[in-house]
Q: 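Before we start, here is the structure in question, set down as structure tokens.
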Amino acid sequence: DLPGEAGTCLSLMYASLGDKPLFGAKVLSVSPQNFAHGLPSHQGGVMLFDRERGRPVALINGSAITGLRTPAASAVATRTLSRANASELAVIGYGEQAERHIAAISLVRPISRIRVWGRDPEKARIFADAQKARGFPTEAMPTAHEAIDGADIVCTVTSARLPVLKGEWLSPGTHINAVGASVAALQEIDLDCVTRSSIWVDYMPMAMTAASDIFEPLAKGIIDPSRIVGEIGAVLNGDVRGRRDNSEITLYRSLGVPAQDIELANFIYQKARDLGLGVDVSL
């Protein structure tokens, strides 16, 4: 934790993958107040090292990797857990992750209508107009409730300290991607949202330390451990169940998976080498 608004911190995530030549770590500063200044809240880099000698070989923009990996993971969760005919998308927030989630989720579901809400109505309107110009049927709504009402898929992509999504607004069969609150001091979804949902996470160790909206009611006995079905990867592997029926409310809680960051960094590094991109520097 660092001084400043709730959620201001320095974050270190590291991983080594057995089938990849490079291991490494992503180091980010998280400054939720940056959004008001037109800057990313997550800034930093991924450092990669070669496995044979431990030599540092690359430094990659951490914000770029986060911006690609997070919506891709949400799209996988949406394809896995939402109803196949889900077509109405609600997005709470209007930053980079909102834009990227609209693009990613539109690749896995037949999205015909998108509703957006954010605290600044004018910024929400400008965002919606920009999405329409890109071919996505997007409309800014005056309240979060109106954005959520009747939606098949909901994405929360904010740095909110207090909940912006209430469970009472959710329709049966809704799928939620709760993405923005990546540290325990932040919370986008309320208790009713948690108690009404079956929950999947991306990485259980992260969820049990950073997702206060889950681990706090779990510790207090407000929700039963069986409410947390498991990791989304276990669904893909066939080890745990996915959606049971068309009325179940499904919640994917995204915190970040270091292995995914390093997997993507390996891909970007090799692609840059193949294309002759990047700048060589001497340490």
Q: With heavy-atom distances below 4.5 Å as the criterion, would you say the side chains of Asp190 and Glu168 are in contact?
A: no
Q: Give the minimum heavy-atom separation between Ala178 and Glu188, together with the two atoms involved.
A: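 In this case the closest contact between Ala178 and Glu188 is C-OE1, 4.2 Å.
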Q: Are side-chain N/O atoms of Gln131 and Thr138 paired as donor and acceptor at under 3.5 Å?
A: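 No - no donor-acceptor pair under 3.5 Å links their side chains.
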Q: So, the side chain of Ser197 versus the backbone of Ile199: is there a donor-acceptor pair under 3.5 Å, distance only?
A: no
Q: Looking at every non-hydrogen atom in both residues, tell me the closest pair between Ala90 and Ile148 and how far apart they are.
A: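 Residues Ala90 and Ile148, closest heavy atoms: CB-CD1, 3.9 Å.
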Q: Nearest 0.5 angstrom please: His175 NE2 to Ser198 OG, how far?
A: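 The NE2 atom of His175 sits 12.0 Å away from the OG atom of Ser198.
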Q: Checking the side chain of Arg109 only, and the main-chain atoms of Ala86 only, is there a donor and an acceptor separated by less than 3.5 Å?
A: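 No; judged by distance alone, with no hydrogens or angles, the pair does not exist.
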Q: Determine, stepwise, if the pair Lys132 / Asp129 fulfils salt bridge (charged side-chain N to carboxylate O under 4.0 Å, His left out).
A: CA-CA 5 Å; Lys132 277 191 282 190; Asp129 288 345; 3.6 Å; yes
Q: So does Glu248 get a backbone contact from the side chain of Arg243, meaning a donor-acceptor N/O pair under 3.5 Å?
A: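 Yes, because the side chain of Arg243 sits within donor-acceptor range (under 3.5 Å) of the backbone of Glu248.
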Q: Do Lys26 and Thr66 have side-chain atoms, one donor and one acceptor, less than 3.5 Å apart?
A: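 Lys26 vs Thr66: donor-acceptor pair found between side chains.
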Q: Please lay out, stage by stage, how Asp192 and Lys166 fare under the test salt bridge (charged side-chain N to carboxylate O under 4.0 Å, His left out).
A: CA-CA 7 Å; Asp192 194 32; Lys166 295 186 178 181; over 6 Å; no
Q: Within the structure provided, determine whether Leu28 and Gln43 are in side-chain contact (heavy-atom separation under 4.5 Å).
A: no
Q: If I compare all heavy atoms of Pro110 with all of Ala84, which pair ends up nearest, and what's the gap?
A: CD-O, 3.8 Å
Q: Do the non-hydrogen side-chain atoms of Val46 and Ile262 ever get within less than 4.5 Å of each other?
A: yes
Q: For the pair Tyr94 and Phe127, name the ring-plane relationship: parallel under 30°, tilted 30 to 60°, perpendicular over 60°.
A: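 Rings of Tyr94 and Phe127: tilted, 30 to 60°.
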Q: Determine yes or no for a side-chain-to-main-chain donor-acceptor pair under 3.5 angstrom, with Asn237 supplying the side chain and Asp239 the backbone.
A: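 Checking the backbone N and O of Asp239 against the side chain of Asn237, no donor-acceptor pair under 3.5 Å is found.
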Q: Given the rule that I, L, V, M, F, W and Y join up when any side-chain heavy atoms are under 4.5 Å apart, are Leu251 and Leu170 in one cluster?
A: yes
Q: Salt-bridged, Asp274 to Lys271, with N to O below 4.0 Å?
A: no
Q: Is any NZ, NE, NH1 or NH2 atom of the basic residue among Arg253 and Asp202 found under 4.0 Å from an Asp or Glu carboxylate oxygen of the other?
A: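 Result for this pair is no, no salt bridge flagged.
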Q: Does any N or O in the side chain of Asp149 come within less than 3.5 Å of the main-chain N or O of His145, such that one atom is a donor and the other an acceptor?
A: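 Absent.
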Q: Salt bridge check, Glu88 against Arg113: does any charged N sit closer than 4.0 Å to a carboxylate O?
A: yes
Q: Using a strict cut-off of less than 4.0 Å between a Lys/Arg side-chain nitrogen and an Asp/Glu carboxylate oxygen, indicate whether Arg115 and Glu146 qualify as a salt bridge.
A: no
Q: So, the side chain of Ser82 versus the backbone of Arg79: is there a donor-acceptor pair under 3.5 Å, distance only?
A: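 Checking the backbone N and O of Arg79 against the side chain of Ser82, no donor-acceptor pair under 3.5 Å is found.
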Q: Hey, is the main chain of Gly173 close enough, under 3.5 Å, to the side chain of Asn246 for a donor-acceptor pair?
A: no
Q: Among side-chain atoms of Ser16 and Arg51, is any donor-acceptor pair under 3.5 angstrom?
A: yes
Q: Taking Asp224 for the side chain and Arg227 for the main chain, is one N or O donor matched with an acceptor at less than 3.5 Å?
A: no
Q: Tell me whether Asp1 at atom CG has more than 12 heavy atoms from other residues, nucleotides or ligands lying less than 6.0 Å away.
A: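 Count not over threshold, so no.
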Q: Can a salt bridge be assigned to the pair Glu5 and Arg161 using a cut-off of 4.0 Å between side-chain N and carboxylate O?
A: no
Q: Any donor and acceptor pair, going by atom type alone, linking the side chain of Thr174 with main-chain N or O of Pro172 inside 3.5 Å?
A: no
Q: What are the two closest non-hydrogen atoms of Val57 and Tyr269, and how far apart are they?
A: O-CE1, 3.8 Å
Q: Closest heavy-atom contact between Ile189 and Val194?
A: CD1-CG2, 3.9 Å
Q: For atom CZ of Arg273, decide whether the heavy atoms of other residues, nucleotides or ligands shown that lie under 6.0 angstrom number more than 12.
A: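 For Arg273, atom CZ is not crowded (no more than 12 foreign heavy atoms under 6.0 Å).
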Q: Strictly by modelled atom types, are Ser63 and His42 linked by a side-chain donor-acceptor pair under 3.5 Å?
A: no
Q: Linking I/L/V/M/F/W/Y whenever any side-chain heavy atoms sit under 4.5 Å apart, do Met13 and Ile65 land together?
A: no
